[in-house]
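Numbers here are sequence positions counted from 1.
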Amino acid sequence: ANRVARLEANYLSQCLQHPHVISQVNQKLAAISQPIVTADDFSHTEDRQIVAYLWQTVQTTPVASIDELWDSLDDWLRDRAQTLLTSAENTNDDLTRLTDTLTRSVLDWRQEKLKRLGADVKRLCEETASQGDAVLLLTYTHQRNTLIQQERSIDRARHAISADSRRKTE
């Protein structure tokens, strides 16, 4: 959970510093057949609200400055955003590399969450099997298979990004 929180916080802090990178990450995710980043990707309520706000702002005013973003945030969201910015990893990367890095981060935290959920569902399958509830076992087994397919999809997306990065450096 701690790694996921760090990845989510870093993504948000980078997006607060470079709001236009949100669209670039989403384009990259879409290009590798992955869902775009939404508020549902985030664990904390404040972070969900910040990402929803950032996405809305970037769509309506593509050249939004950091000051414009600050001025329209609620006080408690501004406090969270300030915390994110002060803990931000300093990236001197060019924006293309930043987009690739953040895209990989999104895939990493999604995969981490899927693994955790998969372990929970596996445990439920085992408990249900010992209880003999065939209908519930079928439901959990189906859910587990769906999670495995989602993990494989993320693996394919990660390989696609790696291949793309290798082509860019050649």
Side-chain angles (χ1 to χ4, degrees), residues 1-59 80-81 84 87-129 136-170:
N2 201 8
R3 180 169 186 262
V4 170
R6 276 197 322 274
L7 291 170
E8 289 177 1
N10 183 59
Y11 173 88
L12 271 178
S13 66
Q14 297 302 328
C15 290
L16 284 165
Q17 292 176 64
H18 312 283
H20 55 282
V21 88
I22 296 169
S23 302
Q24 294 169 341
V25 169
N26 282 339
Q27 287 171 357
K28 190 150 208 108
L29 287 168
I32 55 175
S33 304
Q34 290 296 305
I36 64 169
V37 176
T38 67
D40 292 337
D41 278 300
F42 294 85
S43 305
H44 301 289
T45 304
E46 298 94 343
D47 294 352
R48 284 188 207 116
Q49 291 182 312
I50 289 171
V51 81
Y53 172 77
L54 281 171
W55 180 243
Q56 176 188 349
T57 303
V58 165
Q59 298 225 314
R80 173 64 179 152
L84 288 166
S87 68
E89 296 173 17
N90 190 5
T91 57
N92 294 327
D93 290 353
D94 63 73
L95 291 180
T96 302
R97 282 201 19 217
L98 179 61
T99 300
D100 288 349
T101 300
L102 293 179
T103 303
R104 272 194 285 284
S105 286
V106 170
L107 295 175
D108 287 349
W109 89 59
R110 284 177 177 171
Q111 190 161 47
E112 195 84 21
K113 287 178 178 180
L114 283 173
K115 282 181 182 175
R116 215 172 312 131
L117 188 56
D120 291 344
V121 172
K122 181 181 179 188
R123 185 179 41 74
L124 289 170
C125 281
E126 291 164 355
E127 289 173 11
T128 305
L136 194 54
L137 180 59
L138 189 61
T139 301
Y140 287 144
T141 303
H142 177 71
Q143 187 177 13
R144 187 158 179 241
N145 291 337
T146 301
L147 292 171
I148 290 168
Q149 288 173 344
Q150 289 173 337
E151 278 192 64
R152 287 182 182 149
S153 173
I154 288 175
D155 283 337
R156 285 191 298 275
R158 291 165 66 127
H159 290 303
I161 288 177
S162 295
D164 188 45
S165 294
R166 280 193 300 275
R167 277 193 298 279
K168 287 179 186 170
T169 57
E170 290 173 355

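- With sequence neighbours excluded, the residues satisfying side chain to side chain donor-acceptor pair (under 3.5 Å) with Gln111 are Asp155, Arg158.
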Test side-chain contact (heavy atoms from CB on, under 4.5 Å) on Arg110 and Gln34; report intermediate values, then the result. CA-CA 11 Å; Arg110 284 177 177 171; Gln34 290 296 305; 4.2 Å; yes

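- By the side chain to side chain donor-acceptor pair (under 3.5 Å) test, Ser43 pairs with Glu8, sequence neighbours left out.
- We find the OG1-CD1 distance between Thr99 and Ile22 to be 11.0 Å, quoted to the nearest 0.5 Å.
- For the atom pair Cys15 SG and Asn10 CG, the distance stands at 9.0 Å (nearest 0.5 Å).
- A salt bridge between Lys113 and Asp41 is absent, with no side-chain N of the basic residue lying under 4.0 Å from a carboxylate O of the acidic one.
- Listed by chain and number, the residues in a side chain to side chain donor-acceptor pair (under 3.5 Å) with Ser105 amount to none (sequence neighbours excluded).
- Under the rule for a ring pair (Phe, Tyr, Trp, His ring centres under 6.0 Å), the partners of Phe42 that lie at least two apart in sequence or sit in another chain are Tyr11, Trp109.
- Applying the side-chain hydrogen bond (donor to acceptor under 3.5 Å, both in side chains) rule to pairs touching residues 142-151 yields nothing, sequence neighbours excluded.
- Summarising the geometry, atom CG belonging to Leu102 is positioned 11.0 Å from atom CG belonging to Asp108; distances are rounded to the nearest 0.5 Å.
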Evaluate Val37 against Leu29 for side-chain contact (heavy atoms from CB on, under 4.5 Å), listing each step before the verdict. CA-CA 8 Å; Val37 176; Leu29 287 168; 3.6 Å; yes

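- For the atom pair NZ (Lys122) and NZ (Lys115), the distance works out to 13.5 Å, reported to the nearest 0.5 Å.
- To the nearest 0.5 Å, the span separating CD1 on Ile154 from OG on Ser33 amounts to 12.5 Å.
- Distance check: Arg116 CZ to Leu147 CG gives 12.5 Å after rounding to the nearest 0.5 Å.
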Given the rule in the side-chain contact (heavy atoms from CB on, under 4.5 Å) test, do Val25 and Ile36 qualify, once you have shown the distances and angles that lead to the verdict? CA-CA 8 Å; Val25 169; Ile36 64 169; over 6 Å; no

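- In terms of the side chain to side chain donor-acceptor pair (under 3.5 Å) criterion, residue partners of Glu127 (sequence neighbours excluded) are, by chain and number, Arg123.
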Would you sort out whether Leu107 and Ile32 count as a side-chain contact (heavy atoms from CB on, under 4.5 Å), showing the intermediate values? CA-CA 11 Å; Leu107 295 175; Ile32 55 175; 4.1 Å; yes

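- Taking 4.5 Å as the limit, some side-chain heavy atom of Leu12 sits within range of a side-chain heavy atom of Leu54.
- Between Ala52 and Ala39, the shortest heavy-atom distance links the atoms CB-CB, 4.4 Å.
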